[in-house]
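Residue numbers start from 1 in every chain, and the chains themselves are labelled A, B, ... in the order their sequence lines are given, proteins ahead of strands.
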Amino acid sequence: MLSQDDKFLKPYDPAATEGRIYKAWEDSGYFNPDNLPNADSREPYTITLPPPNVTGVLHLGHAYEDSLQDTVIRYQRMRGKRALWVPGTDSAAIATQARVEKNIQKEEGKSRHDIGREELVKRVTQFARESETTILNQVRRMGASLDWSRYAFTLDDARNKAVFTAFKRMYDAGLIYRGNRIVNWDPKGQTTISDDEIVHEERTAKLYTFKYSKDFPIAIATTRLETKVGDVAVAVHPDDARYTKFVGKTYEAVFCDVPISIRIVADKEVDPEFGTGALGVTPAHSMVDWDMAERHSLPKDKAVINEYAKMTVEGRLSGLKVLEAREAVAEWLRSEGLMEKEEDISQNVSTAERTGGIVEPLPKLQWFVAVNKPFVIPHSEITGIETGSEITLKQLMRASVENGDIVMPQDNFKKIYMHWIDNLHDWCISRQIWFGHRIPIWYRESDIRCQETAPEGDGWSQDPDVLDTWFSSALWTFSTLGWPDESKDLERFHPTSFMSPAYEILPLWVSRMILMSGFHLGQVPFKTVMIHGLVRDSKGRKFSKSIGNGIDPIEMIDKFGADALRMGLLVGTAIGNDVKFDESKIKGYKNFANKLWNITRFILENTEDADLTAELISNDTTIREELDAIIADVTKDMDEYRIYLAAEKIYHYIWDRLASELLEESKQIFASEDSTAIASRKTLLRSLLKDSLKILHPIMPFVTEEIWQSLSETEGLLMITEWP
RNA sequence: GGGCGAUUAGCUCAGUUGGUAGAGCGCUUCAUUUACACUGAAGAUGUCGGGGGUUCGAGCCCUCCAUCGCCCACCA
């Protein structure tokens, strides 16, 4: 019966197929675009994999992201492109170090200070390497056609060189500076954290209304009484008639044992409706107050709280924790008769995402990237920005998208991006942790040098901080292609073609890649960015360890096959929206893989002896043209990254049209005596099958490749076969 | 407070530039070894959140309202 393969007598078995097929692809060398037939005449098409964090194992969100990108890169490869998909992993400094520190604390009861910098970095690196292996195997199981020969890790030698070079060039251009600024300090983790790592929690708090002293003319309202010993001014709105007569005056007082000197200033940021319409200005412990102090040339160095969230002032508050101090101040105000009102309000408290500690704004010496400082761009290929013109990083980021060099087909994300750019402040890039790229700055007394290794001579010490992990991630599209060397890869594959990150990291990562690529290369990092949504559980919750609702993609692959998982994640979800994960949907596409398997069986059984050059009769020609129309439609969807629509169309064609109608109809024809019709139908079915396999391959690569290999008339891998 | 979305079948969601409402799952009835039971056939289910507007024509465009969600933001 079946001359070629008895395997079609049994249901399709992904487990017996996928490993073997992946190996065949890998062995072929075609994941590396330089090995593709006629590589040099192909137009490059590049995707950089958003590098997963080496903090553990992959989740379904990664599986979704991998499916999306692999589908695109396979499609482009079949379209004859020099298709490169660059793999890599991210050290995720804070997250990884926190993870390992937690383990050490749990297993050995030691803190990082107990084991020391060198040992901790060693252990974190070891953890990262193990986690990396797990992750890469998971990515392989998904069928991802990544060019493993170009694999990159954010902390490997080549990337270290890129990070140093990037830092140095920006430092020399005056765009990286050290400044004493209010940062988000996490007293629990003993590190600064970026705005993006803050979680706001709604809590009720007491709003106290009081006066500094009996003869102070204005009452002010605050929730943070303990910081008031650090006040240097009271700000009121310039148009507030109640207070204009006081503006410009200075009052002395002793507040809770601490001598203070308060100037009354007028500032339009003050909301006259809130509280008493007067705001106590505490420059050292509030970002807005810091800015205000700058505007009015007020002293900014009056710190009253330290890194451990304890009071540093003399007197009754000395050494108290902030919450204790708050109560002590309230007590004092009541006893002095200065408290006018105490009321409950709801307020958002900033907490650190990683540690849960309450964020304390503190002035600290940190490294920053200046986004509003003009510089002369040495080279630019970006529309609207001339080489040698003076611009700011913010303008560069805006122009890259506004002028169309980067296409963001989703208008809503474009709006979010623009809005974010408009509100952008200087980017704090230093972190007080140990795992990561150490800041390449050396100090000796008042001397500062920016270099990778210690300068000549004694007495140099390196800045203890490491860089924000997004600093190295921001270089990713070009650091993975050999930059800062002028490599062939860089010239050929950059700007990359397509990027598809989750909307969560639009500001964190996407915008910063645009910044870095613009500054260092005068290019955009990618031409099209398609933001995707999150995979959630069936109740719409995010997957998280604390809920325990995580699903390992490998478990799904074992159960239903990688093809089914890919298809199930992609079909019917408009890119950008969240996906509610539904196991029964995945199961449905396992059945689909088997359906295709049985279609093949039927066709092989009936066309074994066929002369595949037989002329099509007119009815069959019509059927053939019908598929051509669908292919054209699918091609358009794929070109415009509407994979979810393409997938659905292919599914329906194969199941409802090819299997349910055409195969049934063919049974009648094969049972007839009409040899012309039979010959024509045999040729038709083989041709429909082959093209169906081709258009399904980017989405369901394993089963289609396996069937392709069983067809006598096909040669080579379906993976590099030309798209119909 | 600022910004961005969502609301379509019982559930989860598609619906591209405005042109007779779609899929999967579930449900009902039938078929019983057929290429495939990981199956086939047939079927039911909708005031497209609500009001108003533009249009020959609106799920889609405009406007108001309701409900839900997300992101950003230390009204102290």
Side-chain angles (χ1 to χ4, degrees), chain A residues 2 8-13 182 184 195-196 198 200 205 207-209 220-225 227-228 234-235 269-282 285-289 292 345 347-350 358-361 409-420 422-423 503-504 506-507 533-534 536 538-540 542 560-561 564 568 571-574 576-606 633 636-637 640 642 644-645 647-649 651-652 655-656 659-660 663-664 666-667:
Chain A
L2 282 174
F8 287 104
L9 296 177
K10 288 180 289 191
Y12 172 62
D13 180 7
I182 294 277
N184 303 305
D195 291 348
D196 323 292
I198 289 179
H200 295 280
L207 181 68
Y208 303 94
T209 306
I220 60 165
T222 186
T223 54
R224 296 213 53 192
L225 269 184
T227 65
K228 298 293 106 182
V234 163
E269 289 291 300
V270 178
D271 175 5
E273 303 297 316
F274 188 89
T276 60
L279 157 68
V281 181
T282 326
H285 299 289
S286 156
M287 308 240 184
V288 284
D289 292 10
M292 215 175 270
I345 57 160
Q347 137 186 288
N348 281 328
V349 176
S350 305
I358 294 178
V359 170
E360 195 59 54
Q410 301 146 298
D411 283 343
N412 53 331
F413 291 120
K414 198 165 164 177
K415 280 188 225 166
I416 291 171
Y417 174 81
M418 290 302 182
H419 186 249
W420 186 80
D422 290 341
N423 293 310
Y503 58 69
E504 286 183 305
L506 174 68
L534 307 179
R536 298 171 176 279
S538 56
K539 295 193 182 98
K542 266 187 171 183
F560 306 114
V571 169
T573 310
N577 291 349
D578 289 352
V579 188
K580 270 186 197 134
F581 185 75
D582 180 5
E583 197 175 307
S584 68
K585 197 172 164 190
I586 310 298
K587 192 180 164 195
Y589 294 109
K590 179 184 198 281
N591 297 354
F592 177 58
N594 192 54
K595 189 76 182 176
L596 184 63
W597 193 251
N598 284 294
I599 290 168
T600 306
R601 176 179 164 188
F602 176 87
I603 293 178
L604 287 182
E605 278 176 352
N606 287 286
D633 208 13
K636 190 162 177 279
D637 285 336
E640 289 164 21
R642 288 191 300 261
Y644 58 107
L645 291 184
E648 200 169 332
K649 284 170 189 163
Y651 174 85
H652 283 113
W655 199 309
D656 297 335
S660 298
L663 254 49
E664 291 306 317
S666 300
K667 287 178 193 170

If you measure from the P atom in B:rC4 to the same atom in B:rU45, how many Å do you get, rounded? 40 Å

Below 4.0 angstrom from OP1 or OP2 of B:rA35, is there any side-chain N or O of A:Lys667? yes

Using whole Å, report how far CD of A:Glu648 lies from P of B:rG15. 9 Å

Whole-Å distance between B:rA35 C1' and A:Asn606 CG? 8 Å

For atom NZ of A:Lys415 and atom C1' of B:rC71, their distance in whole Å: 14 Å

Would you tell me if any nitrogen or oxygen in the side chain of A:Lys587 comes within less than 4.0 Å of OP1 or OP2 on B:rG24? no

Is B:rC68 paired to anything, Watson-Crick or G-U wobble with both distances less than 3.5 Å, and if yes, which nucleotide? B:rG5

How far does the P atom of B:rU17 sit from the matching atom of B:rG5, given to the nearest Å? 15 Å

The side chain of A:Lys595 is closest to which nucleotide in this list: B:rG5, B:rG24, B:rU39? B:rU39

How far does the C1' atom of B:rU20 sit from the matching atom of B:rC65, given to the nearest Å? 30 Å

Sticking with atom C1', work out how far B:rA9 lies from B:rG22, rounded to a whole angstrom. 10 Å

Starting from the 5' end of RNA chain B, give me the residue, A:Glu664 or A:Asp656, whose nearest nucleotide shows up first. A:Asp656

Nearest whole angstrom, please: distance from the P of B:rC70 to the NE2 of A:His419. 19 Å

Can you check the A:Leu596 CG to B:rC38 P distance for me, whole Å? 17 Å

With sequence neighbours excluded, residues passing side-chain hydrogen bond (donor to acceptor under 3.5 Å, both in side chains) with A:Asp582: A:Ser584

When rounded to the nearest Å, what value does the distance between P atoms of B:rC27 and B:rA35 take? 27 Å

Spacing of A:Asp637 atom CG relative to B:rG15 atom C1', expressed in whole Å: 12 Å

Expressed as a whole number of angstroms, how long is the span from A:Leu604:CG to B:rC36:P? 14 Å

Across all strands, who's sitting opposite B:rA35 as a Watson-Crick or G-U wobble pair, both distances under 3.5 Å? none

Side-chain N or O of A:Arg601 versus OP1/OP2 of B:rC36: is the shortest distance under 4.0 Å? yes

State, with a plain yes or no, whether a side-chain heavy atom of A:Lys667 is found less than 4.5 Å away from one of A:Asn606. no

Minimum heavy-atom distance between A:Phe8 and A:Arg601, given as atom pair plus value: O-CD, 3.0 Å

Check this one for me: any side-chain N or O of A:Thr223 less than 4.0 Å away from OP1 or OP2 of B:rC74? no

For the P atoms, the ones on B:rG18 and on B:rC36, what distance do you get once it is rounded to whole angstrom? 47 Å

Measure CH2/A:Trp655 against P/B:rA41 and give the value in whole Å, please. 10 Å

Would you measure the distance from the P atom in B:rC56 across to the matching atom in B:rG1 and give it in whole Å? 41 Å

Using the P atom as the point on both nucleotides, what is the distance between B:rC64 and B:rA21, in whole Å? 28 Å

Applying the side-chain contact (heavy atoms from CB on, under 4.5 Å) criterion to A:Leu645, which one of A:Asp637, A:Val571, A:Asp633 satisfies it? A:Asp637

Heavy-atom side-chain contact between A:Leu279 and A:Met292 under 4.5 Å: yes

